[in-house]
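Okay, structure first, notes after.
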Amino acid sequence: MKSRTRAVVIGGGIAGCSTLYHLTREGWTDVVLVERNELTSGTTWHSAAQVTNFGMNQTMVGLKSHSIRLYKELADDPDYPINYHHADGGIRLANTEGQMQGYRHFASMARGMDVHFEVIDADECARRHPLISTDNLIGGLWDPLDGDIDPAQLCQALARRARKAGAEVYRNTPVTALTQHSDDTWTVHTEHGDIDCDVVVNACGYRVNEVGAMMGVHHPVSSMEHQYFLTEEIEAIRDAGHRMPLLRCPISDYYCRQEKNGLLLGFYEQGCKTWGMDGIDPNFVNALCPDDLDRVTDVLEGAFARMPALMEVGIHTVVNGPITYTIDGAPLVGPIPGKRNAFCIIGLRAGLGEGGGHGWLLAQQIVHGEACYDTWCLDPRRFAGHANVELTALKAIEDYQNEFRFHFPHEHRPAGRPAKTTPLTPVLASEGAEFTVVNGWERVDYIKPDPGFSPTLGFDFDETFDLVAAEVESIRTGVGLAEVNGFNRIEITGSDRHAFLDRLFCGLVSRRDGRVGLGYLLNDHGMIKAEATIANLPASDRGPARVWYGSAAASEFHDMDWLRQHLRSNEDVQLRSLTNDQTILVLAGPKSRSVLSACARGDWSADAFPWLSARECFVGIASATVMNLSFSGELAYEIHVPNASLYAAYLALREAGETHGLKLFGARAVESMRMEKSFLHWKADLITEFDPFETGLDRFVRLDKGAFVGRDALLKRKSEGPRRKLVPLRIESTLGPAHPGASLMQDDSVVGTVTSGEWGHRTEMNLAHAFVHPSLAEVGREMELDSCGKRIGATVINPSPYDPDFARMKA
Ligand SMILES: Cc1cc2nc3c(=O)[nH]c(=O)nc-3n(C[C@H](O)[C@H](O)[C@H](O)COP(=O)(O)OP(=O)(O)OC[C@H]3O[C@@H](n4cnc5c(N)ncnc54)[C@H](O)[C@@H]3O)c2cc1C
């Protein structure tokens, strides 16, 4: 066994084998995989191993189609062919118009990744799958490349190719401990000796937290018991002359594929069971849980009704094994939060279909620092401190129960809520607030007209339309108040704080006390990594001179890791998170200055406290830090208050606002208004796939300022010209917004992809942002939006259709 290597991958299921293989493909050939037993002896060996293109966003579709391409190549390798039923085709069934509309959206989205789904009616479903009845069926989504693969052969094929490239695989070698050294390298301790390495990868399936504990980490991953059975031969299948397509059913929660001349039927029952919550038997190897078909009778009935042939046939094998889930159903693939040189590829619930793609994206991240797609939807840092074992289990159960039921826009399911609140949450709830969830935080979405108000889930504008219009109107003409909780806030102190930030931002960083600036951080490839406001606060009785770095709520762990990674040991810089200690109250609208003046001492006139100023003060009796900043396009103030005095500040603002008709507003109004200002959202419009010039942020880049992270790569990119450009669009429809991921078309060609969309209530325009082909990035250029299967006109417009001179927010 080697005593030193570049990377050690722990775990020899599909996750580990794919990572090992792809590391060699990305150029790291001195790499090792250690497996406590035999390869595939965790979950992988007994997987139903269906392999589909279907995913909820373009990154998921892209990585799944990578799996399919790779598996086909492996299956066709004459030296080591493997069993892969490629392109049997598969149908995702639907019995509601809402599901069908969703499938049309997913087809539009996948088209941008060169993946071609078809939305078919019930008769066509039955024509393609002769065993099904069309009762209670409207239609379905057809993936022509759906299929299934032999999981053990697949892993052996990946390991074989990795070995041929120089990698080594040590079986029957349990990892017993991990040690990280002061230079951030690791020693992996195994039962057969130690291996020093630069990078470790946790690919331990349901044992993820045994290995997590070895580095002092708890991963938000829970296991569920999951069952399928195999039937005896079915004559109709034997005689069909073709293989049956796969089925996935959100109506009765099962999947089904052909296995030999019978069927394999898997279940997602409502009375589901977590597994391994109190520890896992060390001898649970190549093992299964006891059969429990009584648990799945609810689901079986639906499957029998859809495929009556099932009633006539015997069951010859039942498989019940652990399958891992995370808080939002997507795996955790990427850097481990708070650690250096440590990565994970865990929480895979569809690891056979996705594993090829996950290993590919992870290897790119390890070797190059970033993958070809934005991987935020997989990033282990997308959950912050609330992601504990109990919350994960609750969300895992909910997700399992809804396996094939996609989330509609604005849908937030109830399990594990509320996770993170402020002292204002119950107060706002009593005022009629409906909440959305942002990184676990309950954030006001809008104010309900009555407690029973419940808008229809779907892809069109819903019953909140007029409510949001009214909230926006009160901000346009008067004054509104919103709580923005969970906003990421990092306090940066020390004499080198500005030099440090200057190195990270691609533009100029204001050093003036009392000033606020917006800026962008790039990765080493010159792509957009983060967006932050920088507020310079002078020394006061509240602390030394300091910078407040503010960014999106979800970025809490992501941005902290990025800042910490770039600290130099000799630099006088300290970082402290205030995210869980401070909350923002946003006061917005032309009357906001009068309200603030009525409850906070001092001169708040435009001369004394202009746009982009910051000042410490008291709001009522609450100590507060006020910034003259606007995301709405109206005159607005961000009032940052410690949570202990948040209610006091709120009461003072409400009282001061009474004579000015102050109204509460929520996130949906903010979304509408920011679209009218062409302001961008991190991880919607701001992604690692594009540089700041492609994203239209030229005015935030100063290439002549000296060195900064990503500058050399950006210069090179600039000389090559843009591949896409982000533009604002007007959509010619009053029915529904443009949904992120939807394709923009010219004739049959995809020419762009939507990143955000919402109705602008002040401009009365349906607005979108999209990355489009550079030749189309001119005002007036026309194209068509594939909006849930309908072609709708879309025209490039000038940025900031509302108040383009920014006069209102600077008033
Ligand atoms: C019944 C069932 C049906 C399924 N059907 C499908 C399907 O149709 N399609 C699909 O895509 N997915 C399916 N899945 C899910 C899929 O099988 C899993 O997502 C996938 O196998 C997980 O692979 P993994 O590599 O993450 O974990 P595992 O296969 O569990 O591999 C983890 C490995 O880590 C090793 N390990 C653990 N601790 C240590 C240690 N300390 N030292 C060294 N090694 C260690 C283990 O021995 C194990 O081999 C199904 C799952 C189940 C249970």
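Order of listing sets the numbers, starting from 1, for every ligand and every atom in it.
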Is it true that Y228 and H46 share a donor-acceptor pair across their side chains at a distance under 3.5 Å?
no
Using only heavy-atom distances, determine whether the side chains of D30 and T5 contain a donor-acceptor pair under 3.5 Å.
yes
Would you say the ring centers of Y103 and W142 fall short of 6.0 Å from each other?
no
Residues 333-350 vs salt bridge (charged side-chain N to carboxylate O under 4.0 Å, His left out), sequence neighbours excluded, gives D184-R340, R349-D399, R349-E403
What class does the angle between the rings of Y255 and H226 fall in, given that below 30° is parallel, 30 to 60° is tilted and above 60° is perpendicular?
tilted
The single option from N83, I82, I68 that satisfies side-chain contact (heavy atoms from CB on, under 4.5 Å) with I149 is I82
Contact residues of ligand 1 with a heavy-atom cut-off of under 4.0 Å?
I10, G11, G12, G13, I14, A15, V34, E35, R36, N37, S41, G42, T43, T44, H46, S47, A48, A49, Q50, P174, V175, A203, C204, G205, R207, V211, H226, Y228, Y255, G321, P322, I323, L348, R349, A350, G351, L352, G353
